[in-house]
Amino acid sequence: MPEHIDLHRAERLAAPTHDTDVLVIGGGPAGTWAAIAAAARGARVLLVDKGFCGTSGATAPSGTGTWWVPPDLQARTAAKAQREAVGGFLASHEWMDRVLDQTWHNLQQLADWGYPFPVDDAGNERRNSLQGPEYMRLMRKRVKAAGVRILDHHPALELLVDDHGQVRGATGVAEPGDVPWAIHAGAVVLASGGCAFLSKALGTDVLTGDGHLMAAEAGAVFSGMEFSSAYGLGPTFSSVTKSLFYNWASFRDPGGAVIDGAGSSQGRSIIARRLISEPVFAVLDKADGAVRAWMRQAQPNFFLPFDRLGLDPFTQPFPITLRLEGTVRGTGGLQLQGLDGATRVPGLYAAGDVASREPICGGFTGGGSHNAAWALSTGFWSGAGAADHALAHRSTPAAAPVWRAGQVGLAARTVASAGAATERIDPQALVAAVQAEVFPLERNWFRSRDGLEPSLQRLDALWAQAERCAPALPEAQRRTRQAVALLAHARWMYRSALARTETRGMHRRTDFAQLDPVQQHHVVVGGLQQVWTARHPAGDGAAVQREAVAA
């Protein structure tokens, strides 16, 4: 058992609602590829989605690029080199090669299934982008064709573990009505996405770090959580944060003067600095007629808010903002222990944005293309790995006891909750308190010890307070656990950010503004009541070297 799960207080699961070989949590690209791959191995597969599989998540409402590179040595060498420096030289060639190969094959599979890839003037299909609605509609169809059972609107709340700490399923609630469910499984694939802290970026309201919290309670650890200061650029009145179109933009101050350097490689930091003290405006005045037509065809949802307001973004300046996208567009997440998507917890696998994308992105955002390639590749591998694990352990008696691993917000099972607590967590207040620490650009985009340490003190105090609270009422469990997940995520992020005393990738320290060659390592973080950090040497196949513990 993980050392922080006390069997004297842990609650034993009486009886499961469902029984399966592989449980997939999450119905986005990673989850659907995992379900298909697990079923292809001969496993019984059940997929639960917080929303409706095929429409929820960041991919479904958007267009996304794909890291699609022909199997040519020169082309792939160039593609890998393009990421190394910007990512702080933390990526792995072994992982990049495998992802490029798997992405190439999976996109061919999509074509064989009938995905409508565009064709260029020479008659060749262009597979370097996917339209989310068509992509996810097809993936749901293929999941069902594979014999996978889908349970929509079934958010998971906690993992189940056996006496040896092996993951054996999960529990959650079905909506509407918050009807409890429990699924016993031979293995679990977490494909629950990253965490955008309810910032209202398009498609991210279901991406609140729930899977990270559940995994940590079972003993999993994370890597690259300092690379989480990803903000998406967009109009103040819109949730769309696709930034490609701003390559054709001019940025202006409230008086209409052009902001020097705002369109350069350092432009986002220039805009961020301005936004701290005053509004910033953009106008897509560098796009000619052909580009404007292409934009409307490529991303029609970008223009809907403008059209509703009667605003022409090509000629009229509009106010912009930066919305935190955290580990959705950042790279941090669960540390994978094997090429099959396994975590350090037996029976627990991870895929997509819930897993660290450092192996192919290093310390810089995977944007759409690399993250999309990572999702379909790790989804495919983790589904197969989970199926192999589950089928190899099918002889385990189904009647063997399993225990609920969930802690804060679910039941009086933590050390701090041994007393007769009556106060309950206020989810809305807790979310607001966490957002107050992670949203401000002066604290999260421009990081320093002077900003990080006070934030961590407040976040740690919030955690200690949450631990002392009574369990949430059944109708508030989902929102409470979501709030607790945001809090846990913020603590891992900022503890990792404090541990990396340099500027590397998207991690910017104003008090350590230069890259430090000595710190070419991964920062591993874990823990709940006490959050610790460690160093993991960069490079293929390196082992974790736990070196420091931070209270």
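In this chain, numbering begins with 1 at the start of the sequence shown. On a predicted model such as this, the values are computed, not experimentally measured, just so you know.
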| task | Please determine, by modelled atom types, if Trp67 and Asn128 share a side-chain donor-acceptor pair under 3.5 angstrom. | result | no
* Side-chain heavy-atom pair Gln335, His522 within 4.5 angstrom cut-off -> no
- Query: Can you check whether Gly63's main-chain N or O pairs, donor with acceptor, with Lys242's side chain at less than 3.5 Å?
  - Reply: yes
Closest non-hydrogen atoms of Thr343 and Gln337, given as atom of the first, atom of the second and distance, are C-CG, 3.4 Å
task = Go through the steps for Leu198 and Lys200 under the test side chain to side chain contact (heavy atoms under 4.5 Å, CB included), then give the verdict.
result = CA-CA 5 Å; Leu198 295 172; Lys200 300 302 180 184; 5.7 Å; no
Is it the case that the side chains of Arg447 and His507 hold a donor-acceptor pair, with the cut-off being a distance below 3.5 Å and no angle test? yes
Are side-chain N/O atoms of Trp381 and Gln102 paired as donor and acceptor at under 3.5 Å?
yes
Quick one: does Ser56's side chain get under 4.5 Å of Asp49's, heavy atoms only?
yes
Checklist entry - Between Glu358 and Thr331, do the side chains contain an N or O donor and an N or O acceptor separated by less than 3.5 Å? => result no
For a 4.5 angstrom cut-off between non-hydrogen side-chain atoms, does Leu486 reach Val438?
no
| Hey, mind stepping through Lys80 and Asp97 against salt bridge (Lys or Arg N to Asp or Glu O under 4.0 Å) and telling me if it holds? | CA-CA 8 Å; Lys80 290 185 291 182; Asp97 286 335; 2.7 Å; yes
Review point. Below 4.5 Å, heavy atoms only, C-beta onward: do Leu456 and Leu498 meet side chain to side chain?
Key: yes
* State whether a side-chain donor-acceptor pair under 3.5 Å links Glu175 with His154. => no
Notebook entry, point to check: Should Met136 and Thr32 count as side-chain neighbours, where that means a heavy-atom distance under 4.5 Å?
Noted result: yes
Could you tell me whether the side chain of Arg329 reaches within less than 4.5 Å of the side chain of Tyr231, counting heavy atoms only?
no
cation_pi(Arg357, Trp95) dist<6.0 Å, angle<=45:
no
Taking every heavy atom of Met225 against every heavy atom of Ser496, the minimum-distance pair comes out as CB-OG, 3.7 Å
Evaluation steps, salt bridge (Lys or Arg N to Asp or Glu O under 4.0 Å), between Asp210 and Arg481 = CA-CA 7 Å; Asp210 307 1; Arg481 288 288 281 177; over 6 Å; no
4.5 Å side-chain heavy-atom contact, Arg44 and Val22 = no
Mutual orientation of the aromatic rings belonging to Phe52 and His153 [parallel < 30°, tilted 30-60°, perpendicular > 60°]: tilted
Mind telling me whether His212 and Phe222 have parallel, tilted or perpendicular rings, with 30° and 60° as the class edges?
parallel
Tell me yes or no: between the side chains of Ser229 and Arg508, is some donor less than 3.5 Å from an acceptor?
yes
inquiry  = Whether the Arg127 and Gln108 side chains hold a donor-acceptor pair (N or O, under 3.5 Å, no angle test) is what I'd like checked.
reply    = yes
Rounded to the nearest 0.5 Å, the CH2 atom of Trp104 sits from the CG atom of Leu100 at a distance of 10.5 Å
query: Under 3.5 Å, is there a donor-acceptor pair between the Ser382 and Asp340 side chains?
result: no
Check: Got a donor-acceptor contact below 3.5 angstrom from the Gln520 side chain to the Phe89 backbone?
Finding: yes
What do the steps show when you test Phe197 against His489 for ring-ring contact (aromatic ring centres under 6.0 Å, His included), and what is the final call? CA-CA 9 Å; Phe197 294 94; His489 216 89; 5.8 Å; yes
*Glu325 versus Thr204, side-chain donor and acceptor atoms under 3.5 Å*: no
Practice item. State, yes or no, whether a side-chain contact exists between Leu190 and Val24 at a heavy-atom distance under 4.5 Å. Key: no
Test: Arg504 cationic atom under 6.0 Å from Phe227 six-membered ring centre, within 45° of axis: no
